[in-house]
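What follows is one structure encoded as structure tokens, with my remarks underneath.
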Amino acid sequence: MKRILIIGASYLQLPLIEKVNQMGYESHVVAWEEGAVGKEVAFCFYPISIIEKEKILDLAKIIKPIAVVSIASDLANITVNYVASHLGLISNEESTVLYTSDKYMMRQLLSSHGILCPTYQLLTSDNRILNHCRITYPLIVKPVDRSGSRGVSLVYKDSDLESALDLAFSESFSKMVLVEQYIEGREISVEGISQKGEHQILTITDKITTGAPHFVELGHSEPSSLSFDIQAKVENVTLKILDVVGMSNGASHTEFRITEKGDIYLIEIGSRMGGDFIGSDLVWYSTGFDFVKAVIDVAIGVPLTELKKIRKDVSIVFFTRKIDYEKFLENQPLENIIRKDVFGNENQELKSSADRYSYIIYYR
């Protein structure tokens, strides 16, 4: 039987492991064993950290997969591309992964191609001096190489800057931090899939966050309620961005803020599926397009089918307290609930997505 190597086994990767199994392939999964919920459904599980690229490559040379895949994780995506490219399998250019996982390199490249980005400055552990003549308050402070709102803060004044920098540096793998102008506006993301450099925009997702200071995401809805005119502009900008970063194969998740004036600012782009069940669930329930299967098809070289937008109204909402979770369930018709789960501890201080308690996916 043909084998597919999956990088990661968290709850985010579980739909991918299950889909590989359903498609009749052997799912060979590598991940740090703690929290590896996908271990139980994997055909074979190997307790290797997803950052140990060389060790995973050595394993891959033995098991000889036909594809290497992951979803919804920047960190796993780096290893996916490294292993796949060294095996001569379908992947993206190394530069594409760099530009879509390092927020500073992303800003440099895309702003040089006329993409509207916030004004920014890179700080390092050796140089934490901000150029206030270039960037004024309020500011967003965040690690260049993390996702899920980890290490992100909104800062209004000098007295709060150092603590925000401390948090961002503590979360950064590379010990580099991006400081940028805060853009006030509506937050959205664009979900896409590419194959051989051809891109399909699947849908646009509306987002709800906690707001300042950490902007933890609390809900997503598809399709977007933006006007069709604005949606068309967003899609055109996204297609340009995908071309500029050299996106060839696989899923993409591009985040924007849209100001009251209609200016479309790029926040970031990932050459992977969006997390929070956006790619694995919301896209399927709102459009009928099997995004997870499409990621696998691209990785093994199967031509994609064209998207048929069925446009059902679907949302996911996250909770921090049990009482709010249960109250929401009581007020929803049972037939509207698609899936729900408790995956964390309640009443956690919300500093990142990992601090949330539960979620509900439902038809609106």
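Numbers for residues simply follow the sequence, beginning at 1. Values below: all heavy atoms of this structure, side chains included; hydrogens, waters and symmetry mates excluded.
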Please determine if [X] and [Y] form a salt bridge, counting it only when a charged side-chain N lies under 4.0 Å from a carboxylate O.
X	Y	answer
Lys240	Asp243	no
Lys19	Asp297	no
Glu180	Arg107	yes
Asp276	Arg356	yes

**Q.** Of His220, Glu187, Glu222, the residue whose pairing with Thr205 passes side-chain hydrogen bond (donor to acceptor under 3.5 Å, both in side chains)
**A.** Glu222
Q | With Tyr357, the side chain to side chain contact (heavy atoms under 4.5 Å, CB included) member among Asp324, Asn345, Val342 | A | Val342
Q: Could you point out which residue of Val141, Val152, Val144 forms a side chain to side chain contact (heavy atoms under 4.5 Å, CB included) with Leu178?
A: Val144
Q.
Ring-plane angle category for Phe215 and Tyr182, please: parallel below 30°, perpendicular beyond 60°, tilted otherwise.
A. tilted
Q: Classify the angle between the aromatic ring planes of Phe343 and Phe318 as parallel (below 30°), tilted (30 to 60°) or perpendicular (above 60°).
A: perpendicular
Looking only at atom types and distance, does a side-chain atom of [X] sit under 3.5 Å from a main-chain N or O of [Y], one as donor and one as acceptor?
X	Y	result
Ser10	Leu12	yes
Lys39	Val29	no
Arg257	Arg186	no
Asn249	Lys196	yes
Asn21	Val41	yes
Gln121	Ile129	yes
Gln195	Leu304	yes
Thr96	Gly246	yes
Thr210	Val216	yes
Gln200	Ile193	no

Q. Any idea which heavy atoms bring Thr100 and Ser271 closest together, and the distance?
A. OG1-OG, 2.7 Å
Q. Closest approach of Leu87 and Lys61, non-hydrogen atoms and distance?
A. CD2-CG, 3.9 Å
Q | Test log, rule ring pair (Phe, Tyr, Trp, His ring centres under 6.0 Å), inputs Tyr11 and Tyr359 | A | CA-CA 13 Å; Tyr11 73 94; Tyr359 71 84; 7.7 Å; no
Any side-chain heavy-atom pair of [X] and [Y] under 4.5 Å:
X	Y	answer
Ile201	Thr238	yes
Leu165	Leu130	no
Phe45	Glu40	no

Q.
Let's go through Lys157 and Asp160 carefully: what are the C-alpha distance in whole Å and the side-chain angles of both, what is the deciding distance for salt bridge (Lys or Arg N to Asp or Glu O under 4.0 Å) to 0.1 Å, and is it a yes or a no?
A. CA-CA 6 Å; Lys157 55 186 184 299; Asp160 296 330; 2.7 Å; yes
Q) Which distance, rounded to the nearest 0.5 Å, do you find between the OG of Ser189 and the CD1 of Ile269? A) 11.5 Å
Q. For the atom pair NZ (Lys233) and CG (Asp263), what is the distance rounded to the nearest 0.5 Å?
A. 9.5 Å
Q) Distance under 6.0 Å and angle within 45° of the ring axis: does Arg339 meet both against Tyr285? A) no
**Q.** Linked, directly or transitively: Met23 and Phe291 (ILVMFWY side chains, under 4.5 Å)
**A.** yes
Q: Please lay out, stage by stage, how Arg150 and Glu171 fare under the test salt bridge (Lys or Arg N to Asp or Glu O under 4.0 Å).
A: CA-CA 7 Å; Arg150 291 176 182 86; Glu171 291 285 354; 5.2 Å; no
Q: Mark yes when over 12 heavy atoms from residues, nucleotides or ligands other than Glu260 sit less than 6.0 Å from its CD; otherwise mark no.
A: no
Q: Would you please name every residue forming a side-chain hydrogen bond (donor to acceptor under 3.5 Å, both in side chains) with Gln22, sequence neighbours left out?
A: none
